[in-house]
Chemist: 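Can you keep this structure in mind? I'll have questions shortly.
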Amino acid sequence: MIRIIGVGRVKERALQQSIQEYLRRLQPYQKTEIVEVEDLPAPQDNSPAQNDLVRQREGEKILARLKPDDYVILLDLKGKMLSSPELAQKLQDVFTYRGSAIAFVIGGSLGVSPAVIERADFRWQLSELTFPHQLVRLMLTEQLYRSFRILNHEPYHK
C-alpha cells in the first residue's frame with residue numbers, strides 16, 4: 001500500500017485529471033491513494049513565529065495520518081536525490097525488508113515541522129528546482145508508475 005499524504009488540495013482540473021490517470025495506472029501494481037490534509041493560511045507578512053505555528057499545526061495533521069508501521073518518505077529539499085531506477089530500487093527494498101506500507105509526505109508551502117522530519121525514515125529530494133506542491137503530486141505519481149514499470153521490466157522508462 002502506498003499513501004501520498006499532502007498538505008492542501010489540488011485545485012487545477014488538469015492536474016487532478018493527470019494525477020487520477022497515474023493512480024489508475026498504478027492500481028495493477030500497488031494500491032495507491034492520496035490523503036489530503038488541510039493547509040493553513042500563511043500570508044507573506046507572517047512572523048517567523050507564526051510560520052513555525054503553521055508548520056507545527058500542519059505537521060500534527062500529517063502525523064495523525066501516519067500509521068506506526070508506515071515507512072515514511074518525506075519529499076524534502078534537503079533530502080537525497082534519486083534517479084528513477086534508484087527510486088524503483090528503494091521501493092523494492094522497502095517492500096522487501098521494511099513492510100508493505102509506504103507513506104510519501106508532501107509538506108505545505110512553508111515546509112514541514114521538525115516532528116515530521118524526525119518521523120521520516122527517508123528524505124528524498126525530487127529536484128533542486130522548486131515546484132508548486134500541487135505539481136509535485138503529479139510528478140510523484142508519475143515517478144511511482146515509472147518505478148513499477150522499471151521493476152517489472154516493462155517498457156516506459158527510457
Side-chain angles (χ1 to χ4, degrees), residues 1-39 58-158:
M1 169 70 164
I2 293 176
R3 285 181 303 119
I4 300 168
I5 300 172
V7 175
R9 300 184 62 87
V10 174
K11 297 173 182 110
E12 285 82 12
R13 184 171 168 83
L15 284 176
Q16 291 172 350
Q17 291 173 332
S18 296
I19 291 166
Q20 288 305 312
E21 174 61 21
Y22 281 109
L23 290 174
R24 184 191 65 73
R25 291 182 187 190
L26 277 163
Q27 290 313 306
Y29 304 104
Q30 187 67 234
K31 182 174 179 186
T32 307
E33 68 179 13
I34 293 181
V35 177
E36 294 179 333
V37 299
E38 180 188 9
D39 58 339
E58 288 177 347
E60 289 167 358
K61 293 177 184 191
I62 291 168
L63 292 170
R65 301 308 294 260
L66 294 172
K67 297 176 182 169
D69 61 339
D70 282 341
Y71 184 89
V72 178
I73 298 177
L74 174 64
L75 278 75
D76 186 347
L77 290 172
K78 295 179 182 172
K80 180 180 179 185
M81 287 190 103
L82 300 174
S83 66
S84 294
E86 289 170 334
L87 177 62
Q89 186 61 53
K90 180 74 173 172
L91 293 175
Q92 184 173 39
D93 290 348
V94 171
F95 284 129
T96 301
Y97 301 110
R98 296 300 211 88
S100 60
I102 299 176
F104 286 87
V105 173
I106 303 169
S109 62
L110 297 175
V112 296
S113 68
V116 172
I117 293 170
E118 186 175 315
R119 174 62 178 87
D121 295 295
F122 183 77
R123 293 165 67 183
W124 174 36
Q125 181 180 358
L126 183 61
S127 171
E128 290 185 354
L129 300 171
T130 303
F131 296 101
H133 291 87
Q134 296 179 27
L135 185 55
V136 169
R137 287 191 206 175
L138 173 58
M139 295 167 66
L140 174 57
T141 55
E142 188 281 334
Q143 283 300 303
L144 290 173
Y145 175 67
R146 182 179 299 272
S147 292
F148 284 105
R149 298 290 292 199
I150 290 169
L151 291 172
N152 287 280
H153 308 287
E154 297 171 354
Y156 181 75
H157 178 67
K158 295 183 184 190

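Values below: every heavy atom of this structure, side chains too, minus hydrogens, waters and symmetry copies. Every value quoted in this text rests on a predicted model; they were computed, and no experiment measured them.
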Chemist: Looking at R9, K61, R65, which hits side-chain hydrogen bond (donor to acceptor under 3.5 Å, both in side chains) with E36?
Modeler: R9
Chemist: State, with a plain yes or no, whether a side-chain heavy atom of V72 is found less than 4.5 Å away from one of F122.
Modeler: no
Chemist: Going by side-chain hydrogen bond (donor to acceptor under 3.5 Å, both in side chains), name the residues that satisfy it together with Y71, two or more places apart in sequence or in a different chain.
Modeler: K90
Chemist: With a 3.5 Å distance limit and no angle check, can you tell me whether Q125 reaches the backbone of S127 through a side-chain donor-acceptor pair?
Modeler: yes
Chemist: Distance check, rounded to the nearest 0.5 Å: L74 atom CG versus W124 atom CH2?
Modeler: 11.5 Å
Chemist: So, for V116 and G59, which heavy atoms are closest and what is the spacing to 0.1 Å?
Modeler: CG2-CA, 3.6 Å
Chemist: Minimum heavy-atom separation for L129 and L77, please, with both atom names.
Modeler: O-CD2, 4.2 Å
Chemist: Report the C-alpha separation of M139 and F131 in whole Å, then their side-chain angles, then the decisive distance to 0.1 Å, and conclude whether the side-chain contact (heavy atoms from CB on, under 4.5 Å) test is met.
Modeler: CA-CA 10 Å; M139 295 167 66; F131 296 101; 3.7 Å; yes
Chemist: Could you go through the side chain to side chain donor-acceptor pair (under 3.5 Å) check for Y29 and E154 one step at a time?
Modeler: CA-CA 12 Å; Y29 304 104; E154 297 171 354; 2.3 Å; yes
Chemist: Does this structure show an ion pair linking D70 with R3, if we count only N-O contacts that are shorter than 4.0 Å?
Modeler: yes
Chemist: Report the distance from atom CD1 of I62 to atom CZ of R119, rounding to the nearest 0.5 Å.
Modeler: 12.0 Å
Chemist: With sequence neighbours excluded, what pairs up with E21 under the salt bridge (Lys or Arg N to Asp or Glu O under 4.0 Å) test?
Modeler: R24, R25
Chemist: Is there a side-chain contact between R137 and L15 (heavy atoms, below 4.5 Å)?
Modeler: no
Chemist: Kindly write out the residues that satisfy salt bridge (Lys or Arg N to Asp or Glu O under 4.0 Å) with D76, not counting sequence neighbours, or none if the list is empty.
Modeler: R123
Chemist: For residues L151 and F95, determine if any side-chain heavy atom of one lies less than 4.5 Å from a side-chain heavy atom of the other.
Modeler: no
Chemist: With under 30° as parallel and over 60° as perpendicular, where do the rings of Y22 and Y145 fit, or are they tilted in between?
Modeler: tilted
Chemist: If the condition is side-chain hydrogen bond (donor to acceptor under 3.5 Å, both in side chains), which residues does N152 pass it with, not counting sequence neighbours?
Modeler: none
Chemist: Just wondering, do D93 and T96 contact through their side chains at under 4.5 Å, heavy atoms?
Modeler: no
Chemist: Please enumerate all residues that pass side-chain hydrogen bond (donor to acceptor under 3.5 Å, both in side chains) together with E86, with sequence neighbours excluded.
Modeler: S83
Chemist: Between H133 (side chain only) and G107 (backbone N and O only), is there a donor and an acceptor less than 3.5 Å apart?
Modeler: yes
Chemist: Could you tell me whether the side chains of Q27 and T32 share a donor-acceptor contact shorter than 3.5 Å?
Modeler: no
Chemist: Rounded at 0.5 Å granularity, tell me how far CG in L82 sits from CG in L126.
Modeler: 9.5 Å
Chemist: Taking C-beta and beyond as the side chain, do I102 and M1 meet within less than 4.5 Å on heavy atoms?
Modeler: no
Chemist: Quick check against the 3.5 Å criterion: does Q16 have a side-chain atom that pairs as donor or acceptor with the backbone of V10?
Modeler: yes
Chemist: How long is the straight-line distance from CG of L138 back to CD of Q20, given to the nearest 0.5 Å?
Modeler: 11.0 Å
Chemist: Starting from the C-alpha separation in whole Å, work towards a yes-or-no answer on side-chain contact (heavy atoms from CB on, under 4.5 Å) for L26 and F148.
Modeler: CA-CA 8 Å; L26 277 163; F148 284 105; 3.6 Å; yes
Chemist: Quick one: closest heavy-atom pair of A103 and I5, and the distance?
Modeler: CB-CD1, 4.3 Å
Chemist: Could you go step by step and tell me if I73 and D121 meet the side-chain contact (heavy atoms from CB on, under 4.5 Å) rule?
Modeler: CA-CA 6 Å; I73 298 177; D121 295 295; over 6 Å; no
Chemist: With sequence neighbours excluded, tell me which residues meet side-chain hydrogen bond (donor to acceptor under 3.5 Å, both in side chains) with Q30.
Modeler: none
Chemist: Evaluate the side-chain proximity of I106 to L140: yes if any heavy-atom separation is below 4.5 Å, no if none is.
Modeler: yes
Chemist: Might you point out which heavy atoms bring S147 and L91 nearest each other, and give the distance in Å?
Modeler: CB-CD1, 3.6 Å
Chemist: Do L23 and T141 have side-chain heavy atoms sitting under 4.5 Å apart?
Modeler: yes
Chemist: Any side-chain heavy atom of Q143 within less than 4.5 Å of one from S84?
Modeler: yes
Chemist: Any idea which heavy atoms bring A115 and L63 closest together, and the distance?
Modeler: CB-CD1, 3.7 Å
Chemist: Main chain of V7, side chain of E58: is a donor-acceptor contact present, judged purely on distance under 3.5 Å?
Modeler: no
Chemist: Nearest 0.5 angstrom please: I2 CD1 to E33 CD, how far?
Modeler: 11.0 Å
